Structures are given as structure tokens and as C-alpha cells.
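Input: a single structure, listed below in C-alpha cells.
Just the heavy atoms: all of them, side chains too, but no hydrogens, waters or symmetry mates, feed the values below. Just so it is clear, the model here is predicted, and its values are computed rather than measured.
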Amino acid sequence: MGWYHSHPFDVGPHSNAFLSATDVSTQLLWQISEDAAGNPWLALVVDPLRGVAKGKPEIGAFRCYPTNYTPPKGLAPDGVSWDDERARNARWGESCISYHQLVRRRACGLVAADGRRVCRAGQQTTLNSFAPR
Ligand SMILES: [Zn+2]
């Protein structure tokens, strides 16, 4: 379950598939309420103009961290650590310490950018048990 929207911003040096501060607030509200009901909630963001320019879909899938969790300093939503936090924030938005990206690594299923599997087709899972390593 989840929601999607687009960021039809000008094509620049990086993707516009990220969560803004408003997106993080929206996602957290849904995530808290739907996860508790057994419906793990994710956010999809489409960058349509970049997708057209590059000739392939440009889509990001995201989940927010629990509000009591702070990721390691410099960490980006895709699991990459940046020395330059301003550059990281330019790519991922000012709220990038509040969420992480989900990546598709198999024919069906999603894993967190750092390799933890968070859901799999046909498997009911709750994401409340997110535990930072
Ligand atoms: Zn947005």
C-alpha cells in the first residue's frame, strides 16, 4: 500500500525522485496509521521530465525512519555516505535524514538500500520492526 506523486522539475544533474519536507510529513502520518493496521505504507515519487529525457522511468520508493531514529552522520537515503552534507541535501532534499530508499533487487520484492529485505511479493510484513544496525 502507499501513495505516489510526481516532481516534474527541470532536468538537472540529479534525479528529483526524493521526499520533500512536506512529503516526509505526509508519509509519516500514513505510515504510522497504516503500518499499525498491517498495511506497510510506502511513498513513490516519479520524476517524469528526467524519465523522458533519459528514456527510462525515473521512480523512487521510500519509507520514513521511525521518528526516534537518527541515521549515521552524512548518510543518504540510498545508503551512500556523503562527506559534503550540503551536496547530499541538494540531491536528496533537506529532509533526507528522515527517510530511506527502497531498491528492487529481485524479480519481486523490495529491499532497503543497505540490503535489508523489507517486503516481498505475497508476504505480509510489518515495517514497524525496523531496527538500525
Ligand atoms: Zn513531493
Please say which of L102, V45, L44 ends up in a side chain to side chain contact (heavy atoms under 4.5 Å, CB included) with F62.
V45
d(L42 CG, E34 CD) to nearest 0.5 Å is 11.5 Å
Between the main-chain N or O of [Y] and the side-chain N or O of [X], is there a donor-acceptor pair closer than 3.5 Å?
X	Y	answer
N16	V11	no
R50	G12	yes
R63	H100	no

Hey, is CD1 on I97 packed in by over 12 heavy atoms from elsewhere, all under 6.0 Å?
no
D84 atom CG, over 12 foreign heavy atoms within 6.0 Å:
yes
Beyond-backbone contact of [X] with [Y], side-chain heavy atoms, under 4.5 angstrom:
X	Y	value
W30	M1	no
F9	L49	no
N89	C96	yes
Q27	W3	yes
R91	S15	yes

Between [X] and [Y], which heavy-atom pair has the shortest distance, and what is it?
X	Y	result
Y65	L75	OH-CD2, 4.0 Å
P77	W92	CD-CG, 3.4 Å
A17	I59	CB-C, 4.3 Å
P72	Y69	CD-OH, 3.6 Å
P48	S6	CD-CB, 4.0 Å

Spell out, yes or no, whether I32 and L19 are grouped together once hydrophobic residues are joined by side-chain heavy atoms under 4.5 Å, including indirect joins.
yes
If hydrophobic clusters are built from ILVMFWY residues whose side chains come within less than 4.5 Å, do Y99 and L29 share one?
no
Distance-only side-chain donor-acceptor flag, D23 / T26, under 3.5 Å:
no
